[in-house]
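Report on the following structure.
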Amino acid sequence: MESKIILTIGRQFGSGGAEIGKKLAKEFNIPFYDKEILTEAAKKSGYSEELFTQRDEKKTGSLLFSLSTGAYPIGGPLSYLYDLPLDDRLFLAQIDAMKHVTKQGSCIIVGRCAEYILRDDPGVISVFIHAPLEKRVERISKLYQLTPQKAESLILKTDKRRAQYHNYYSTDKWGDATAYHMCVNSGALGIDKSVELIRDLVELSHK
């Protein structure tokens, strides 16, 4: 496959979205960005990576700009933005980082409104990974050595935070099927079959 692959993956917590993304990146032999996009944003913006990590996918207090109206010139210098709240500046730094890595070539980006940020790129393929709550509780309990009750609480809190963040910075609703090329139930398919399905979608889109 010679054409550039840009795949974005939205995910419910515990659905295996990151694992699926890593397996796809290995199959296509392309870079994978999850928290790695925070590293790129820190390099480009001059803010510490710790700062990005502390505020990763968290909703801020007030939004003083609108991407949809073009108030922020995506790809423009961040020096114009220092009158904005810190969290908004960090979000914009992530936009610049995503734009930068996608210009470099093929890649997979997980979360952080990537499907919305990159929506104008005709080559982008976006998927959303979900799974029944009981499957996610089982997965998170094993991964983090938690009781089912604590795992469920963590899942619900994380999904709520991700949804608030996404819906705050995007005009699309988090997890809404109409905002993605494909929604995949990893609980029904399993991780490997989900990888195969998304791989087929990417390959068909690049024929």
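Worth knowing before you read on, the calculation uses all heavy atoms, side chains too, and leaves out hydrogens, waters and symmetry mates. Residue numbers count from 1 along this sequence.
- For Q12 (side chain) and A131 (main-chain N/O), a donor-acceptor pair under 3.5 Å exists by modelled atom type.
- Inter-residue side-chain proximity for T102 and V124 is flagged as unmet; no heavy-atom pair is nearer than 4.5 Å.
- Within the structure, every pair that satisfies the ring pair (Phe, Tyr, Trp, His ring centres under 6.0 Å) test and touches residues 177-198, not counting sequence neighbours, is listed here: F128-Y180.
- Closest of all the heavy-atom pairs between I108 and A25 is CD1-N, 3.4 Å.
- Scanning all heavy atoms of the two residues, the minimum distance from A188 to N185 falls at N-OD1, 3.0 Å.
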Derivation of the side chain to side chain contact (heavy atoms under 4.5 Å, CB included) call for Y169 and D88: CA-CA 9 Å; Y169 283 115; D88 293 347; 2.8 Å; yes

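- Scanning all heavy atoms of the two residues, the minimum distance from I6 to G105 falls at CD1-O, 3.4 Å.
- Taking a cutoff of 4.0 Å between a charged side-chain nitrogen and a carboxylate oxygen, K193 and E196 qualify as a salt bridge.
- At a threshold of 4.5 Å between non-hydrogen side-chain atoms, the residues E19 and R139 count as touching.
- Not one N or O on the side chain of R161 forms a donor-acceptor pair closer than 3.5 Å with the backbone of T158.
- Distance NZ/K103 to NZ/K4: 9.5 Å, rounded to 0.5 Å.
- The distance from the CG atom of N29 to the CG atom of L24 is 13.0 Å, given to the nearest 0.5 Å.
- I191 approaches S15 most closely through the heavy-atom pair CD1-O, 4.1 Å.
- In this structure the side chain of I129 reaches within 4.5 angstrom of the side chain of I198, judged on heavy atoms.
- Going from atom OG of S126 over to atom CG of D172 covers 9.0 Å, rounded to the nearest 0.5 Å.
- Counting heavy atoms from C-beta outward, Y116 and T8 have side chains that stay 4.5 Å or more apart.
- Judged by distance alone, with hydrogens and angles left aside, the side-chain atoms of R136 form a donor-acceptor pair with the main-chain N or O of F13 at under 3.5 Å.
- In this structure a side-chain-to-backbone donor-acceptor pair under 3.5 Å is missing from K23 to S194.
- The shortest non-hydrogen separation linking S106 to I30 is CB-CG2, 3.5 Å.
- Between V127 and C183, the closest side-chain pair of non-hydrogen atoms is not below 4.5 Å.
- Between the S141 side chain and the V137 main chain, a donor and an acceptor come within less than 3.5 Å of each other.
- Of the inter-residue distances, the one linking L204 atom CG with R199 atom CZ reads 10.5 Å to the nearest 0.5 angstrom.
- Of the possible polar contacts, one joining the H206 side chain to the V202 backbone as a donor-acceptor pair under 3.5 Å is found.
- The shortest side-chain heavy-atom distance between E115 and H166 falls under the 4.5 Å cut-off.
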Verdict with supporting geometry, K35 and R112, side chain to side chain contact (heavy atoms under 4.5 Å, CB included): CA-CA 9 Å; K35 291 188 181 298; R112 299 164 187 86; 3.6 Å; yes

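- The main-chain N or O of E36 is never found under 3.5 Å from a side-chain atom of E40 such that the two would form a donor-acceptor pair.
- M182 and W174 fall into different hydrophobic clusters, where Ile, Leu, Val, Met, Phe, Trp and Tyr residues are linked whenever their side-chain heavy atoms come under 4.5 Å apart, directly or through other members.
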F32 and K26: CA distance, side-chain angles, deciding distance, side chain to side chain contact (heavy atoms under 4.5 Å, CB included) verdict: CA-CA 9 Å; F32 171 82; K26 186 175 182 179; over 6 Å; no

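- Residues I95 and K99 form a side-chain contact, since some pair of their non-hydrogen atoms from C-beta on lies under 4.5 Å apart.
- Taken to the nearest 0.5 Å, the CD1 atom of I155 stands 5.0 Å off from the CD1 atom of I140.
- F91 places a side-chain heavy atom less than 4.5 Å from the side chain of I117.
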The test is salt bridge (Lys or Arg N to Asp or Glu O under 4.0 Å); show your working for K22 and D34 and say whether it passes. CA-CA 9 Å; K22 288 178 181 178; D34 185 355; over 6 Å; no

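- Atom CG in D192 sits 11.5 Å away from atom OG in S186 (nearest 0.5 Å).
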D96/L92 under side chain to side chain contact (heavy atoms under 4.5 Å, CB included): CA gap, chis, key distance, verdict: CA-CA 6 Å; D96 274 7; L92 295 176; over 6 Å; no

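- Cation-pi contact between R162 and Y165: absent, since separation from the ring centre below 6.0 Å together with deviation from the ring axis within 45° is not met.
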